[in-house]
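What follows is a set of notes on a single structure, which appears directly below.
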Amino acid sequence: MATQGLASMSDEAQLRWVALGDTTRQLAVVMLHGGPGLPDYLGDVAPMVADLAPVYRYDQRGTGQSPWRGRHSLARHVDDLAELLDAWDVPKAVLIGHSYGTDLASRFCLRHSDRVAAMLLMCGPFVGDWRTGYRAERDHRMSAAQQERLRELEALPRRTEEQEVELLTLAWFTDHAGPEHGWRWAAQGARRRRPVNWAMNGELGGEGRADPLDEHLTELRTCLPARAELLGGADDPRPVSALESLALRLDLPLTRIEGAGHEPWLEQHDAVCAHLRRFVQGIVGA
């Protein structure tokens with residue numbers, strides 16, 4: 001059973017949310033989508049565990065059905081999550097973040113560790129100079145013509161709808177292990193995960209580079225809940241070595257999903273489902 005609504009934040013922003021499962025259960029899972037600047041896209045992941053615990057998802061402010069035209073900050077996005085937990089009457093949550101959602105989950109844990117029952121970080125956060133390796137691998141998976149076309153589209157001051165779809169497809173298809181399926185998934189995402197809030201992406205990306213999570217890992221390690229894990233696709237163009245480094249610094253187990261990229265549930269659905277169910281069952285059972 002799905003329920004949904006709008007939650008009013010303390011600065012009058014309104015965030016759209018949806019819950020799947022029995023929301024009368026005390027322990028809840030909150031899934032945090034990536035981007036930043038994309039609407040929620042974890043609708044295919046939530047049902048994997050919704051019979052074990054209620055699963056909440058939401059469009060981050062300025063995306064999807066959560067309108068916002070003001071500035072963005074990492075602190076405000078952390079506050080949003082805290083206020084949403086209050087609105088849902090969820091004292092502590094199991095956080096499952098994907099991509100940028102792992103950075104958001106980590107920063108939330110730094111400020112509100114008492115409200116984190118467990119945390120699964122999927123395909124992030126990446127530490128160190130991971131962008132150099134990522135760009136090199138992405139270019140390796142693209143033809144010279146594709147690389148040139150992507151640069152042309154990125155340089156345009158304004159893009160038509162079709163140009164935006166083309167840009168996103170080119171930017172995203174290399175995220176997957178299989179190029180043929182990857183192109184199809186990227187093209188679908190380019191039309192569904194819209195519109196992209198590029199201003200939000202730039203503001204939060206810039207703040208994240210100015211205040212990288214890398215500098216807070218010692219503190220984060222002391223704040224982590226007893227159950228915390230990392231999960232990544234072995235064929236993600238973002239270097240797995242960056243996740244391995246993070247796992248060592250945080251003393252966390254890291255599971256690599258073979259034959260999967262940055263959205264491992266698309267290419268290895270059963271493996272990801274089994275991992276998420278084991279993780280959530282371990283917390284619910286405890």
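The first residue of the sequence shown is numbered 1, and numbering continues consecutively from there.
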To check you understand the geometry: which heavy-atom pair defines the closest contact between [X] and [Y], and what is its length?
X	Y	answer
Ser245	Val127	OG-CG2, 4.0 Å
Ala46	Arg57	CB-CD, 3.7 Å
Leu84	Ala7	CD2-CB, 3.6 Å
Thr23	Pro54	CA-CB, 3.9 Å
Pro225	Met119	CG-N, 4.0 Å
Leu168	Ala190	CB-CB, 3.7 Å

Measure from the side-chain N and O atoms of [X] to the backbone N and O of [Y], and report whether any donor-acceptor pair falls under 3.5 Å.
X	Y	value
Arg25	Leu52	yes
Glu207	Leu74	yes
Arg115	Pro91	yes
Gln163	Thr160	yes
Arg227	Ala117	no

So [Y] and [X], do their side chains get closer than 4.5 Å, heavy atoms only?
X	Y	result
Leu15	Asp59	no
Thr3	Val18	no
Leu32	His98	no
Arg194	Val165	yes
Leu110	Glu219	yes
Asp114	His112	yes
Glu267	Trp185	yes
Ser10	Glu83	yes

Salt bridge or not for [X] and [Y], using N-O below 4.0 Å?
X	Y	value
Arg149	Glu152	yes
Asp51	Arg277	yes
Arg138	Asp175	no
Arg159	Glu166	no
Arg191	Glu162	yes
Asp80	Arg76	yes

- Query: What class does the angle between the rings of Tyr41 and Trp265 fall in, given that below 30° is parallel, 30 to 60° is tilted and above 60° is perpendicular?
  - Reply: parallel

So if you build clusters from Ile, Leu, Val, Met, Phe, Trp, Tyr with side-chain heavy-atom gaps below 4.5 Å, do [X] and [Y] land together?
X	Y	value
Phe279	Leu246	no
Val55	Val280	yes
Leu95	Leu42	no
Phe126	Leu224	yes
Ile283	Val272	yes

- Message: Before you tell me yes or no, could you show the steps for Tyr58 and Trp88 under side chain to side chain contact (heavy atoms under 4.5 Å, CB included), namely the whole-Å CA-CA distance, both residues' side-chain angles and the distance that decides it to 0.1 Å?
- Response: CA-CA 12 Å; Tyr58 66 99; Trp88 297 329; 4.0 Å; yes

- Message: Go through it in stages, so that I can follow the logic: the residues are Thr174 and Glu137, the test is side chain to side chain contact (heavy atoms under 4.5 Å, CB included), and I'd like the CA-CA distance, side-chain angles, deciding distance and then a yes or no.
- Response: CA-CA 9 Å; Thr174 58; Glu137 180 59 25; over 6 Å; no

- Give the intermediate values and the outcome of salt bridge (Lys or Arg N to Asp or Glu O under 4.0 Å) for residues Arg141 and Asp235. CA-CA 11 Å; Arg141 298 184 186 191; Asp235 294 310; 5.3 Å; no

Approximate separation, where rounding is to 0.5 Å, of [X] [atom1] and [Y] [atom2]:
X	Y	atom1	atom2	result
Asp139	Gln147	CG	CD	4.0 Å
Cys223	Leu217	SG	CG	11.5 Å
Arg249	Asp214	CZ	CG	6.0 Å
Met48	Leu20	CE	CG	12.5 Å
Leu231	Leu276	CG	CG	7.0 Å
Met200	Tyr100	CE	OH	5.5 Å

- Query: Would Glu154 and Arg151 satisfy salt bridge (Lys or Arg N to Asp or Glu O under 4.0 Å), going step by step from the backbone distance to the final call?
  - Reply: CA-CA 5 Å; Glu154 289 175 333; Arg151 286 192 291 268; over 6 Å; no

- Task: Applying side-chain hydrogen bond (donor to acceptor under 3.5 Å, both in side chains), run through His72 and Asn201 and close with a yes or a no.
- Result: CA-CA 9 Å; His72 292 269; Asn201 180 276; over 6 Å; no

- Please walk me through it: do Asp103 and Ser106 pass side-chain hydrogen bond (donor to acceptor under 3.5 Å, both in side chains)? CA-CA 5 Å; Asp103 188 276; Ser106 299; over 6 Å; no

- Run the numbers on Trp198 and Glu164 for side-chain hydrogen bond (donor to acceptor under 3.5 Å, both in side chains), then give the verdict. CA-CA 11 Å; Trp198 291 110; Glu164 184 80 349; 2.7 Å; yes

- State whether Trp68 and Arg61 meet the cation-pi test: NZ (Lys) or CZ (Arg) under 6.0 Å from the six-membered ring centroid, and within 45° of the perpendicular axis.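 Yes, Arg61 and Trp68 form such a contact.
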
- Query: Among Arg184, Glu263, His181, which one satisfies side-chain contact (heavy atoms from CB on, under 4.5 Å) with His176?
  - Reply: Glu263

- Task: Check the side chains of His33 and Asp40 for a donor-acceptor pair under 3.5 angstrom, ignoring hydrogens and angles.
- Result: no

